[in-house]
Amino acid sequence: HYFIQSNLRMKSFFILAILLPLHQCYMLYLDAKAEECFYEDLVPNQKAGLSFEVAEGGFLDIDVRLSDPLGNTLYSANSETEGRFRFSASMGGNYLYCFSNAMSTVTPKMLKFKFITVQPREDDSSDLSEDDKKIKSMIGDLRNQLREVKEEQDYMEIRDNAHGEINRNTNRRVVIWAFFEFSLLLCMTIGQIYYIKRFFEVRRVI
């Protein structure tokens, strides 16, 4: 009976460790000279993080600002293509993060962002045995390591998408410029052949 109860506790701890990190990715269309802000309610000592990537528009840059409930700036970036910031809430309340396209006069931007929150664990280990407490601690450490790996993978995916878009734009411009050079050289060649042919042409006077 004790073995079955311990297995049930281990399974419940493992499921809880997987479900604790909460995050969802959003797409945002930001018009020129526009700014969009969002609130996230956090409790003291709760861990959270913000990551973003500009997918389309102009030079793929955006202004970002994150502030605490008192209005103090925790993170600020200007004209960034992508980035991330992780922090631990020093106080409870609404944390504000804003994306601004004020630097652009005509070009709208499309960006992808994600705000990650980790729900704090409740200390309910008073009725657990020493073995269960050790197992719970190990699962908590594993959860944190998995969360860090997942965040790193998401961030690398964002960087890969941003740099891939830059490479595609560069390759497209190189192809267009090469086609323009080829067309210009072809026109010059045809023009030179026509001019030389006319120059050596023998004219007869009747």
Check whether any side-chain heavy atom of [X] lies under 4.5 Å from a side-chain heavy atom of [Y], and answer yes or no.
X   : Y    : value
F87 : L42  : yes
E80 : V64  : no
L70 : M91  : yes
D61 : K109 : yes

Minimal non-hydrogen separation, [X] against [Y], with atom names:
X    : Y    : value
D41  : G93  : OD1-O, 3.1 Å
P44  : G92  : CG-N, 3.6 Å
P108 : N101 : CA-ND2, 3.9 Å
A32  : S104 : CB-O, 3.6 Å

Connected via hydrophobic side-chain network under 4.5 Å: M27 and Y29: yes
Cluster link I62 to Y75, ILVMFWY, side chain under 4.5 Å: yes
Within 6.0 Å of [atom1] in [X], more than 12 heavy atoms from elsewhere:
X    : atom1 : result
M138 : CE    : no
E56  : CD    : no
M188 : CE    : no

Any donor-acceptor pair under 3.5 Å from K33 side chain to A102 backbone: yes
In Å and rounded to the nearest 0.5 Å, what is the [atom1] to [atom2] distance from [X] to [Y]?
X    : Y    : atom1 : atom2 : answer
D63  : M103 : CG    : CE    : 3.5 Å
E82  : F52  : CD    : CZ    : 7.0 Å
M110 : L28  : CE    : CG    : 8.0 Å
T107 : L30  : OG1   : CG    : 12.0 Å
L111 : F99  : CG    : CZ    : 6.0 Å
C98  : Y39  : SG    : OH    : 7.5 Å

Working for side chain to side chain contact (heavy atoms under 4.5 Å, CB included), residues S67 and N72: CA-CA 5 Å; S67 57; N72 300 318; over 6 Å; no
Output field: ring centroids Y97/F115 closer than 6.0 Å: yes
From CA spacing to verdict: side chain to side chain contact (heavy atoms under 4.5 Å, CB included), L74, Y95: CA-CA 10 Å; L74 301 179; Y95 283 73; 3.8 Å; yes
Residue that, paired with Y194, satisfies side chain to side chain contact (heavy atoms under 4.5 Å, CB included) out of R198, Q192, K197: R198
Ring geometry between F38 and F113 (parallel below 30°, tilted from 30 to 60°, perpendicular above 60°): tilted
Distance-only side-chain donor-acceptor flag, N171 / R168, under 3.5 Å: no
